[in-house]
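Protein chains get the first letters and strands the later ones, always in sequence-line order, with residue 1 at the start of each. Values in this document were obtained by computation on a predicted structure and should not be read as measured data.
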2 protein chains.
Amino acid sequence: MNIGQAAEQTGLPAKTIRYYEDIGLVTAPRHGNGYRYYADRQLEQLRFVGRARLLGFSIEECRSLLSLQANRQRTNAEVKTILKQHLNTVDHKLVELQSMRSSLVELEQACPGDEDSNCPILKNLAGNNIRVD
Amino acid sequence: MNIGQAAEQTGLPAKTIRYYEDIGLVTAPRHGNGYRYYADRQLEQLRFVGRARLLGFSIEECRSLLSLQANRQRTNAEVKTILKQHLNTVDHKLVELQSMRSSLVELEQACPGDEDSNCPILKNLAGNNIRVD
DNA sequence: ATTGACCTTCCAGTGACTGGAAAGTTTATT
DNA sequence: AATAAACTTTCCAGTCACTGGAAGGTCAAT
């Protein structure tokens, strides 16, 4: 199977699949004409990476996960450690985004959004903090 | 005031302040020796951008906000529109992250994290979905 | 023989910085 | 006055994970 079909099968763009090969994440053998050849093993690896990426794992984390999957001596603990670290990162991002969101909602409510020009949003950004109390 | 003190005053790294000038976001006049000179106006703009960035506004959004702030003909509506768009973006990201998080937590709970090698996390990534029902 | 759909590599751009090199300037110390 | 330390300048490269596009090779069908 050529890269186009592999893309179709895995849901990953062909460009991305080539990129993964470039960085040595998922490599594919070649036909005589230089075309990449995708068999079950490669498709599985690509789908594996695709799913891990959907969960937000970085490329380097995907690399580690792929290598653990290939290693029969791995332990559940090793895998779980990577997951926990990633979960921590996600939690940090969530806290950040939620704090942004609550500030934004506060500003949204403070601004009437009319044709006036005395915008509380700009005032806040300029340092005049909104006092709600 | 030179860039180092401006950095100290605004909390932005000098590198970042130079970058903002590079992209024409906040420009500063120069001393005779070529050093950038920061007066109140520039400091205010830098702090403005700094706060907007903390709220997650993109550089281009910051540019729009700065230009609205400089424009007396602006309306609250124009400012609020930018904020609402950004809030939408933040909400989308939150949904995505929360969905990632719940999948990750599920996987975390499914994996005992012991010295075994039959890892449910890897199984899930490989396509063997966890069945909880 | 030619069209069109593939495939290849390589280079450049994204966003928002950040690090580092090489060189000029100012300030402080000796 | 010389020197060293601390500042500043510009420019180039790297980050992350792709994505777009150009130029050219290959293959299947008409």
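A donor-acceptor distance shorter than 3.5 angstrom exists from the side chain of R51(B) to the backbone of L125(A), with no hydrogens or angles considered. Not a single donor-acceptor pair under 3.5 Å links the side chain of T16(A) to the backbone N or O of L12(A). For Q42(A) (side chain) and A39(A) (main-chain N/O), a donor-acceptor pair under 3.5 Å exists by modelled atom type.
Annotation: side chain of T89(B) is not in contact with side chain of Q85(B) (no heavy-atom distance under 4.5 Å). A 4.5 Å side-chain heavy-atom check between L25(B) and Y19(B) finds every atom pair outside the cut-off. At a threshold of 4.5 Å between non-hydrogen side-chain atoms, the residues I17(A) and V26(A) do not count as touching.
Listed in residue order, the members of residues 88-99 of chain B having a heavy atom less than 4.0 Å from DNA chain D come to none. Of the residues in residues 36-63 of chain B, R36(B) come within less than 4.0 Å of DNA chain D through at least one heavy atom, sorted by number. Taking a 4.0 Å limit (strictly below) on heavy-atom distances, residues 4-34 of chain B reaches DNA chain D at G4(B), K15(B), R18(B), R30(B), G34(B).
Remark: the D114(A) side chain and the N76(B) side chain contain an N/O donor-acceptor pair separated by less than 3.5 Å.
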Check: residues 59-72 of chain A side-chain donor-acceptor pairs under 3.5 Å, at least two apart:
| residue | atom | partner | partner atom | Å |
| --- | --- | --- | --- | --- |
| E60(A) | OE1 | R63(A) | NE | 3.0 |
| E60(A) | OE2 | R63(A) | NE | 3.4 |
| E60(A) | OE2 | R63(A) | NH2 | 3.3 |
| E61(A) | OE1 | S58(A) | N | 2.7 |
| E61(A) | OE1 | S58(A) | OG | 3.4 |
| R63(A) | NH1 | I23(A) | O | 3.0 |
| R63(A) | NH1 | G24(A) | O | 3.3 |
| R63(A) | NH2 | I23(A) | O | 3.1 |
| S64(A) | OG | E60(A) | O | 3.1 |
| N71(A) | OD1 | Q73(A) | N | 2.7 |

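Between E21(A) and R36(A) a salt bridge is recorded (basic side-chain N to carboxylate O distance below 4.0 Å). A salt bridge does not link R101(B) with E96(B): none of the charged nitrogens is closer than 4.0 Å to a carboxylate oxygen.
The side-chain contact (heavy atoms from CB on, under 4.5 Å) check on Q98(B) picks up L94(A), Q98(A), L94(B), with sequence neighbours excluded.
Between F57(B) and H86(B), the two ring planes are tilted [angle within 30° to 60°].
Put simply, chain B comes within 4.0 Å of DNA chain D, heavy atom to any atom, from dC7(D) to dC11(D), going 5' to 3'.
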